[in-house]
Amino acid sequence: MPELPEVEVTRRGIAPGLEGRVVANVEIRDHRLRWPVDPELPRLLRGLRITSVDRRGKYLLLACAAGGAARGWLIIHLGMSGSLRFVAARAPAAKHAHFDLQVGRQVLRLTDPRRFGAVLWHPATAGPVASHPLLASLGVEPLTAEFTAELLYNATRKRAASVKQVLLAGDTVVGVGNIYASESLFRARIHPKTSAGRISLKRYATLVPEIRAVLSAAIAKGGSTLRDFSSNDGPGYFQLEYFVYNREGLPCRICATPIRRAVQGQRATFYCVKCQH
DNA sequence: CAATTTACCTGGGTGC
DNA sequence: TGCACCCAGGTAAATT
C-alpha cells in the first residue's frame with residue numbers, strides 16, 4: 001500500500017526519466033481505474049514537455065508544457081496497489097499494466113491490480129493544479145514547516161473524533177496513512193482513541209516531530225533501497241521495524257505488554273495499553 | 001453548515 | 001478445485 005513515503009520515493013525514482021522530456025505517446029489499455037481514464041489523453045499529451053514531477057499528499061503531479069507555456073498537469077494516484085516503472089517501449093504488457101506514458105524510448109508504465117489508482121488531466125485553463133477538486137481541500141504537507149503543533153491544536157479544538165481518525169482524514173495533514181498513524185502515535189505515547197480535541201498543545205508538540213521522523217525514516221529506507229525504476233521488481237515497498245503495526249499479541253518492544261488491535265472507522269489500529277495514554 | 005459515519009470500489013489471500 | 005469471506009485507502013454519499 002503506497003503511503004506518502006512510497007509515493008515520494010516513486011517521485012524521486014521517476015523524475016529524472018521524465019523531467020525535460022517530451023511525451024511521445026500514451027496508451028490506455030484499461031480505462032477502468034477509480035475514475036475512467038479520459039480517452040482523449042493520448043491526443044492531449046502527445047508532444048507536450050514534462051517540466052516537473054511534484055507530489056501533493058499521495059498524488060503525483062506531472063506538469064506539462066508546450067513551447068514554454070503551461071498546458072496542464074497529469075495527476076496520478078497509486079491507490080492501494082499501484083506502481084510505476086520504466087520499461088522498454090517494446091516490453092509486452094503484463095496483466096494489470098493499464099497505462100503507459102512513453103517518453104523517448106522509455107515507457108512509464110502504471111500497473112495496478114485493484115484499479116483503485118487514478119490518472120487525471122487538469123488543464124492549465126482550469127487554474128492551478130492545487131485548485132483541482134481532489135487537491136483543493138487537502139491538509140498541509142507533514143514534511144514542511146507548515147505542519148506544526150499549533151496547526152494540529154487549532155484545527156482540532158472542535159473535533160470529537162479520535163486523534164487517529166483525524167490524522168487519517170487528510171483534511172488537516174496529508175499522507176499519514178494507517179501504518180504511520182499507529183506508529184507515530186505509539187512513539188508519542190498517545191492512545192489512538194483519544195479525542196483529538198482534548199489533546200494539549202504540549203502533547204501535539206511531541207506528536208508532530210514523531211510523525212515527521214517516522215515518515216522521513218521510511219523515505220530514507222525507501223531511498224536506500226531505491227535501486228532502479230527501470231526493472232521489473234523496482235524498489236518495492238519497504239518495511240521499517242514497526243513498534244505496533246500488525247503486531248497484535250506480540251510483546252511491546254518497550255514494555256513487553258502484548259500489543260492490542262482495535263478497529264476505528266473500519267480500520268485496524270494497533271497500540272500498547274501501557275505505553276500509550 | 002460542518003463533523004462524522006457509512007458504503008463502496010477491487011482482487012489477492014485465506015480458510016473451509 | 002471451488003467459493004465465501006476478509007481486508008486495504010480514499011472518496012462520495014448519507015447522516016447526525
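Quick caveat, the model's predicted, so the values are computed rather than measured. Residue numbers begin at 1 in each chain, while the letters A, B, ... track the order of the sequences.
- Legend: residues meeting side chain to side chain contact (heavy atoms under 4.5 Å, CB included) with A:Ser131, ordered by chain and number and at least two apart, are A:His122, A:Pro128.
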Inset, instruction - Take A:Asp38 and A:Arg43, measure what salt bridge (Lys or Arg N to Asp or Glu O under 4.0 Å) needs, and give me the verdict at the end. - result: CA-CA 10 Å; A:Asp38 184 353; A:Arg43 189 182 62 78; over 6 Å; no

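- Residue A:Ala268 is classed as a sugar-phosphate contact, given heavy-atom separations below 4.0 Å to backbone atoms only.
- The backbone N or O of A:Arg260 lies less than 3.5 Å from no partner atom in the side chain of A:Glu248, so there is not a single donor-acceptor pair.
- The 5' end of DNA chain B is approached more closely, in terms of each residue's nearest nucleotide, by A:Val166 than by the other of A:Val166 and A:Arg267.
- Using modelled atom types, one side-chain atom of A:Arg247 and one backbone atom of A:Phe243 make a donor-acceptor pair closer than 3.5 Å.
- The outermost nucleotides of DNA chain B lying under 4.0 Å from heavy atoms of chain A, listed 5' to 3', are B:dT4 to B:dG12.
- Looking only at distances, no side-chain donor or acceptor of A:Thr172 sits under 3.5 Å from a matching main-chain atom of A:Ala155.
- One atom, CZ of A:Phe270, and another, C1' of C:dA8, lie 12 Å apart when rounded to the nearest Å.
- In this structure, A:Gln264 atom CD and C:dA8 atom C1' are separated by 16 Å, rounded to whole Å.
- Between A:Gln266 and A:Ala160, the residue anchored closer to the 5' end of DNA chain B is A:Ala160, taking for each the nucleotide with the nearest heavy atom.
- Residue A:Leu33 contributes atom CG, which lies 15 Å from atom C1' of C:dG9 at whole-angstrom precision.
- Of the two residues contacting DNA chain C, namely A:His77 and A:Arg261, the nearest-nucleotide position lying further toward the 5' end is that of A:Arg261.
- Between A:Tyr245 atom OH and C:dG9 atom C1' the separation is 10 Å, expressed in whole Å.
- Remark: the backbone N or O of A:Leu45 is not paired with any side-chain donor or acceptor of A:Arg71 at under 3.5 angstrom.
- Distance CE (A:Met80) to P (C:dA8): 8 Å, rounded to an integer number of Å.
- Residues passing the side chain to side chain contact (heavy atoms under 4.5 Å, CB included) test with A:Ser162 are A:Lys164, A:Gln165, A:Gln264, sequence neighbours excluded.
- When rounded to the nearest whole Å, the span between CG of A:Asp112 and P of C:dG10 equals 13 Å.
- Rounded to an integer number of Å, the gap from A:Arg34 CZ to C:dG9 C1' is 7 Å.
- Distance A:Phe116 CZ to C:dG9 P: 11 Å, rounded to the nearest Å.
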